[in-house]
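Structure first, then comments.
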Amino acid sequence: MPVVAYQLVPANAGSPGYAVAKELARQTVAQFGAVRGLGVGIGGGSCCAAVALAPAGGAGFPAGAALNAFGPPPGALPLYGGALPYGIAYGNSQLAAGGLALGPLGGHAERAALTGAGGLALYTLPGTNHAVLFVELTPCGPCATWLGGGGGGVANPYNGVINGGGATTLNVWWRWVYPGDGGVPAMNAFHAMTVAAQLAQINGATW
């Protein structure tokens, strides 16, 4: 599966999946923000990820497989108008397939999201073969290899996936550079904000 990475900033707004990636970023805030710091393994330093899935039977959000048992946060603000045309599978750097435990996927949010999707069909942008994954930090070297079909413990369930008559291109949208360049401190500062402030920042001109 070809993999292309972009930073989630307005300068890349013309690249495939930008709008979907911003929505996935909002949804990760809603999914994890309400439980961050409550002692369930989702701390300030926990990287988050989400991948868009083709909903079974054409149903709207939330048709995707979530990797956790929290569900939508109580009283969550509506983040979209009506149902999204895709489901979402979530991943977190402190989550492993099957529960809140480090394992072969521990420490790798993008691996957890794709593995948690369980092989469900990836959502592709209308009329294209481009799928979309959002992860807060740049995939590390081993994760970049894994995304492209390399080794690394539990295999990527989407290796060789076919959509729309051709090999799917996975567009990986990331927000902060990792390692180096202050990516982790920037992510931690973002997670320290209220959920409303995080959403406002994503909706602002810098994302």
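Bear in mind the structure is a predicted one, so any value in this text is a computation, not a measurement.
Using a 4.5 Å heavy-atom threshold, the side chains of P139 and W146 count as separate. In this structure the side chain of R175 never reaches within 4.5 angstrom of the side chain of L137, judged on heavy atoms. Using a 4.5 Å cut-off on side-chain heavy atoms (C-beta onward), Y158 and T168 make no contact. Annotation: side chain of K22 is not in contact with side chain of P10 (no heavy-atom distance under 4.5 Å). Inter-residue side-chain proximity for V51 and I88 is flagged as unmet; no heavy-atom pair is nearer than 4.5 Å. Put simply, the side chain of F134 does not reach to within 4.5 Å of the side chain of E23, judged on heavy atoms. With contacts defined as side-chain heavy-atom distances shorter than 4.5 Å, the pair V132/Y123 does not qualify. Within the 4.5 Å cutoff, the side chain of W173 has no heavy atoms near those of the V9 side chain.
Closest non-hydrogen pair, L147 versus V172, comes out as CD1-CG2, 4.1 Å.
The backbone N or O of C47 sits less than 3.5 Å from a side-chain atom of S93, completing a donor-acceptor pair. A donor-acceptor pair under 3.5 Å is formed between the side chain of E136 and the backbone N or O of C48. Checking side-chain atoms of T128 against main-chain N and O of T124 turns up no donor-acceptor pair under 3.5 Å. Judged by distance alone, the side chain of T28 and the main-chain N or O of A25 form a donor-acceptor pair under 3.5 Å. When atom types are taken as modelled, the side chain of N12 and the backbone of Y6 share no donor-acceptor pair closer than 3.5 angstrom.
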**Item:** side chain to side chain contact (heavy atoms under 4.5 Å, CB included) between C140 and Y178, intermediate numbers included
**Value:** CA-CA 7 Å; C140 63; Y178 174 82; 4.2 Å; yes
**Message:** Run the side chain to side chain contact (heavy atoms under 4.5 Å, CB included) test on L133 and L170 for me, step by step, so that the C-alpha distance in whole Å, both residues' side-chain angles and the decisive distance to 0.1 Å come before the verdict.
**Reply:** CA-CA 7 Å; L133 180 147; L170 181 63; 4.0 Å; yes
**Message:** Evaluate W174 against L8 for side chain to side chain contact (heavy atoms under 4.5 Å, CB included), listing each step before the verdict.
**Reply:** CA-CA 6 Å; W174 53 271; L8 189 53; over 6 Å; no
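Taking the side chain to side chain donor-acceptor pair (under 3.5 Å) definition, one finds that Q7 meets it with nothing, sequence neighbours left out. H130 is linked by a side chain to side chain donor-acceptor pair (under 3.5 Å) to N171, counting only residues two or more places apart in sequence or in another chain.
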In a table with atom names and distances, give each donor-acceptor pair under 3.5 Å that connects a side chain of residues 197-207 to protein atoms at least two apart or in another chain.
residue, atom, partner, partner atom, Å
Q198, NE2, M193, O, 3.2
Q201, OE1, W207, NE1, 3.3
N203, OD1, R26, NH1, 2.7
N203, ND2, L199, O, 3.2

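Ring geometry for H191 against W176 counts as perpendicular: the plane angle is over 60°, on a 0 to 90° scale with 30° as the lower cut.
Distance check: T169 OG1 to L125 CG gives 10.5 Å after rounding to the nearest 0.5 Å.
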